[in-house]
Amino acid sequence: TLAQYVCNAMKEEEGEKEERKRHFHLFMWIHVTQKFSVHAIFSEMLEAASGKKAEYASLDVMQKKLEHELSTKRSSLCLM
């Protein structure tokens, strides 16, 4: 599957990882279950983007913070 391909690509040699880092500033790997929560997904994405624990009650606030964090970064998001 595509997810397996991407996961295997992440295990490549260090020099090739540096090449990918030139294309993307941020890689986000988010696990999504069948009974998912949009709030939980946004929280994980915000934590990955900012490097800080995201403790916001409002989905709207998280969306705005996430937009701010990602506005200057090229990112890759993998929902598994």
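We use all heavy atoms of the structure for the numbers below, so side chains are in, but hydrogens, waters and symmetry mates are not. Because the structure is predicted, anything quoted here is derived from the model rather than measured.
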So how far is it from [X] [atom1] to [Y] [atom2], rounded to the nearest 0.5 Å?
X: Ser58; Y: Lys64; atom1: OG; atom2: NZ; result: 8.0 Å
X: Glu44; Y: His31; atom1: CD; atom2: NE2; result: 8.5 Å
X: Phe27; Y: Leu77; atom1: CZ; atom2: CG; result: 11.5 Å
X: Met62; Y: Glu69; atom1: CE; atom2: CD; result: 13.5 Å
X: Met28; Y: Leu66; atom1: CE; atom2: CG; result: 6.5 Å
X: Lys53; Y: Ser43; atom1: NZ; atom2: OG; result: 6.0 Å

Checklist entry - Counting only N and O atoms by type, is there a donor-acceptor contact under 3.5 Å from the side chain of Lys73 to the main-chain atoms of Ala49? => result yes
Item to check | Gln63 side chain near Leu59 side chain, heavy-atom distance below 4.5 Å | outcome: no
Checklist entry - Shortest non-hydrogen contact from Ala54 to Leu46? => result CB-CD2, 3.8 Å
Checklist outcome for this item: Of all heavy-atom pairs linking His39 and Tyr56, the shortest is NE2-O, 2.8 Å
